[in-house]
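Remarks on the structure that follows.
In what follows, every chain begins at residue 1, and chains take the letters A, B, ... in the order their sequences are listed. Note that the structure is predicted; figures quoted are calculated from it, not measured.
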Amino acid sequence: MSTKTLVRNEQDEEIAPRTTPTDRRDGVVGVGRPGFGWAAPAAVFFGLFALVPLILVAVLSFATWNGLSDPEFAGLDNWKKLFDDPVLIQSLWLSVLLTVLGVAVQTPLSILLGVWAAGHQRNRAILSAIYFVPLLLSVAAVSVLWRAVLDPNFGVPAQASWLFGDGNLFGHQASAIGVLVFVSTWQFTPLHTLIYQGAARAVPQVLYQAAQIDGAGTVRQFFHITLPQLRNSIITSMILMVVGGLTTFDTVLILTQGGPGTDTTISAYYMYQKAFKSFDYGTASAVGLLLVLVATVISLVMVRLSGYDKMRSTMEGL
Amino acid sequence: MTLRARMPRTAIVGGAALALLLSLSGCGTGSGTAGSDDGKIHILVYGDAANKVEKQLIATFNKQSKVKAVLDTIPGADYQAKLQTVINSKQAPDVFFNWGGGSIKPFVDADLLMPLDDFIAKDPELKTRFLPSVFNSAEIDGKPYGVPMRGTQPVLFFHNKQVLEDAGVKPPKTWDELLHAVKAIKAKGVTPIALGGGDRWPTLMWFEYLFDRVAGPGLFQKALDGDKAAWESADSKKALGMIRDLVDAGAFGTNFDSVKFTDQGSPTLLATGKAGFELMGSWEYSTQQDAHPEFAKKDLGYTAFPTVKGGKGDASDLVGNTNNFYSVLKKTEHPEAVAEFLKLQYSDEFVKAQLGIGNLPTTTNTPLFLQKAASPGYAKFQYELVEKAPAFQLSWDQAYPQSAATSMYQAIQQFFNGQLDEGGFIKAMQALPTS
């Protein structure tokens, strides 16, 4: 079949589609855009489990409800209370702080590990397989484990007092935050390492070969070829970290329970306390909605600033 | 294909989603009307090892009653949250387990519970067969709402006999003796008192006892009734000052906020001789028996909390979990059957079964069977304490409404570790919701 006939046939179909239902090319036209029906399962799930709860939460945030009697409309009371609440303001800052620290610690670590693991040497393959293990464990299990390892009397701090002092890691704000950042780093760096490993392997070898001919060493190659080539992966990984950081909950629940005092009560945990400890679903809904707003704004800003929405190719000119 | 042609499908998808949504929300809003009656009474209980006894009693009940009873359990920590969800729904139980006091106050306020006055009028033993200090802690606004259904758990002062002997001190009877013992044990390089501050409720026990010893049970009751000035009173400040002094004297070491009771941290400190004392609920004994049987047999000692000179509280006052209770929903369709079931909670069979699993019931016939308890000496010691106690203060976190617990824990922890001063603590306690 020549190109010419194909073109003519398509034109024919545009004028009079489905004249011959058995014609093979009838299907070819449909490939252009799948019907809306295909989106239905995802749309229904998203609607039921994301949009509808979001709307209900928004409604509840203007009501007082303890789960027993019917919700009572309370106007802006919950919201007014919220902005006078020092714990809430602090919790937002803590969420942001934990997120920023998480990104700042995990990104360089996972880029270096990922680029290193991208090599095809056998020892690297084995080590990266081992290093992947923490990701397979549940967050709860990991938190319980570290809580035991960091016990001041029977854990590591008891044996290394030169580093940990009296071992009161969960009794001070700075050290408690440090523990939270450390444990999430321990658990989630492997995921990001994996992202970078894949991305680094996808960097065309010709670039390195050309750089070598020009006399660039390993360090220069890393900064001038690898890093720029990883740009889209860095943004992907950072967005994952930010989302993960803002919604951190299980580590806080198990490791610090928001303490000492309210020193590690991040927003997601504060919402949980309000809803399921204090049975104040109105305030909890307001906190939840606020968290949604903050997270949306942050991810919009990130996408804008990074140019991710333009999806520029790293393969230009190749 | 044009855009217009797609519109109907969108509408269908949207319509289907909406229909699903409506049918879902339909399930959730049914409330108020009497439950789906299957001719049985449903008994909802906190799920743990003690369910053995509840099962046995229900079997006994089903043998003698036309209306049958069914045991439903919710395991562990989720109990209160799930109860809150289910209690005003069609799936609500007829009878349910609770901690008395603040744990049922919101349900009483929402008019969901049945006062037991009528039951007691028909069968006075439903009240008189229980120790009054325990029975009273499930009274709300002067009306009884609960029948004790497990064991009492007073908070006791435990010690490691070996550590005390090494430091040359005796178990302290007074506050001054305690201060002296703290100094002597500290001089030996041992943490005087083990404290699971990471859990926060163990810290609270120190407040409960000191406020009672210094001011008597009246001060807390006043505060609970909404008199916020109680927290600013001289007695309150005196108790706070004593706590401050004890912490500053190094009685608890420095890293208590990183230690927990629930992960065996503080009990192990006591058992391994790394600490001399621990203030803990009576379950400390069984905890030690499980984890450190040698220590429990040989070196685990226990006393009542020390007295405070010049304090207004009776030296035999207790604090802790008075007991667990069965409360009855107003909308139950078988009140007579429920009343019959509650009567079993002071039967000889009940007492024997509870003692068999290590619980200490609070019925008046309990002493008859104490010799059969797992640890007769310990059981007898506790029973006499509870029987003689003029006041048995329900743990503060359970006496206050649930909505107060989180903020209360925070204030307790922050005052104890020095983040909050006296004024800050008083303000935080005054800000707690009382009803």
Side-chain angles (χ1 to χ4, degrees), chain A residues 17 29-30 32-33 35-37 39-41 43-48 51-52 55-56 66-70 87 144 147-148 150-155 157-158 164-173 175-176 179 255-263 265 270 273-280, chain B residues 1 6-7 9-10 12-14 16-18 20-21 24-25 29 31-32 78 80-81 84-85 87-88 106-107 109-112 191 194 197-200 253-260 263-266 268-269 272 274-275 401-407 409-411 413-414 417 419-420 433:
Chain A
V29 174
R33 277 178 87 190
F36 198 78
V44 169
F45 270 88
F46 184 73
L48 269 182
L51 289 183
V52 171
I55 293 167
L56 289 181
N66 62 3
L68 291 176
S69 30
D70 293 330
V87 181
V144 171
R147 176 87 212 185
L150 294 174
D151 186 278
N153 300 301
F154 307 104
F164 294 101
D166 63 357
N168 196 13
L169 288 172
F170 298 100
H172 303 289
Q173 185 172 35
S175 51
V179 170
L255 283 167
T256 69
Q257 283 157 320
T262 56
D263 284 353
T265 305
Y270 191 55
Q273 277 186 332
K274 283 284 174 208
F276 300 108
K277 293 287 170 191
S278 307
F279 301 110
D280 180 358
Chain B
M1 199 183 267
R6 290 208 180 120
M7 284 302 282
R9 278 202 228 169
T10 319
I12 292 166
V13 170
L18 200 68
L20 237 165
L21 163 73
L24 277 182
S25 60
T29 45
S31 70
D78 292 338
Q80 191 69 27
Q84 188 100 1
T85 319
I87 197 162
N88 202 10
F107 305 149
D109 291 344
D111 201 24
L112 294 171
T191 307
D199 286 322
R200 302 190 280 195
T254 53
N255 57 19
F256 47 83
D257 273 342
S258 302
V259 179
K260 281 188 172 189
D263 64 5
Q264 295 283 334
S266 59
T268 310
L269 283 176
T272 54
K274 292 189 174 188
Q402 304 267 318
S403 51
T406 305
S407 313
Y409 286 148
Q410 282 160 3
Q413 184 175 33
Q414 288 177 323
N417 69 16
Q419 281 179 311
L420 269 185

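If you measure heavy-atom distances from Q413(B) to chain A, the contacts under 4.5 Å come from the side chain alone. Contacts between I87(B) and chain A at a heavy-atom distance below 4.5 Å involve the side chain alone, from C-beta outward. Heavy atoms of Q419(B) lying under 4.5 Å from chain A belong exclusively to its side chain. For chain B, the nearby parts of N153(A) are the backbone and the side chain; heavy atoms of each come within less than 4.5 Å. Heavy-atom distances place both the backbone and the side chain of F107(B) under 4.5 Å from chain A.
Of all heavy-atom pairs between Q257(A) and R200(B), the closest is O-NH2, 3.3 Å. Between T265(A) and Q410(B), the shortest heavy-atom contact is OG1-NE2, 4.4 Å. Between G171(A) and N417(B), the shortest heavy-atom contact is O-ND2, 4.5 Å.
The greatest number of non-hydrogen atom pairs below 4.5 Å with chain B, out of T256(A), T262(A), N168(A), is found for N168(A). Highest contact tally toward chain A, considering only N255(B), T406(B), D257(B), L420(B), is held by N255(B) [criterion: heavy-atom pairs under 4.5 Å]. For the set V144(A), D263(A), D151(A), V87(A), the entry with the most heavy-atom pairs within less than 4.5 Å of chain B is D263(A). Ranking Q264(B), Q414(B), K260(B) against chain A, the residue ahead of the rest is K260(B), based on heavy-atom pairs under 4.5 Å.
Summarising the geometry, atom OG belonging to S403(B) is positioned 13.0 Å from atom CD belonging to Q273(A); distances are rounded to the nearest 0.5 Å. Between the CG atom of D166(A) and the OG1 atom of T254(B) there is a distance of 3.5 Å, given to the nearest 0.5 Å. Atom CZ of F154(A) is separated from atom NZ of K274(B) by 5.0 Å, given to the nearest 0.5 angstrom.
Residues passing the side-chain hydrogen bond (donor to acceptor under 3.5 Å, both in side chains) test with D263(B), sequence neighbours excluded: none. Residues satisfying the side-chain contact (heavy atoms from CB on, under 4.5 Å) test with S407(B), not counting sequence neighbours, are L432(B).
Between the side chain of S258(B) and the main chain of L169(A), a donor-acceptor pair closer than 3.5 Å is present. Under a 3.5 Å cut-off, the side chain of Q84(B) and the backbone N or O of N66(A) do form a donor-acceptor pair.
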Show, in sequence, the C-alpha distance, side-chain angles and deciding distance for F279(A) and Q80(B), and conclude whether the side-chain contact (heavy atoms from CB on, under 4.5 Å) test is met. CA-CA 10 Å; F279(A) 301 110; Q80(B) 191 69 27; 4.1 Å; yes

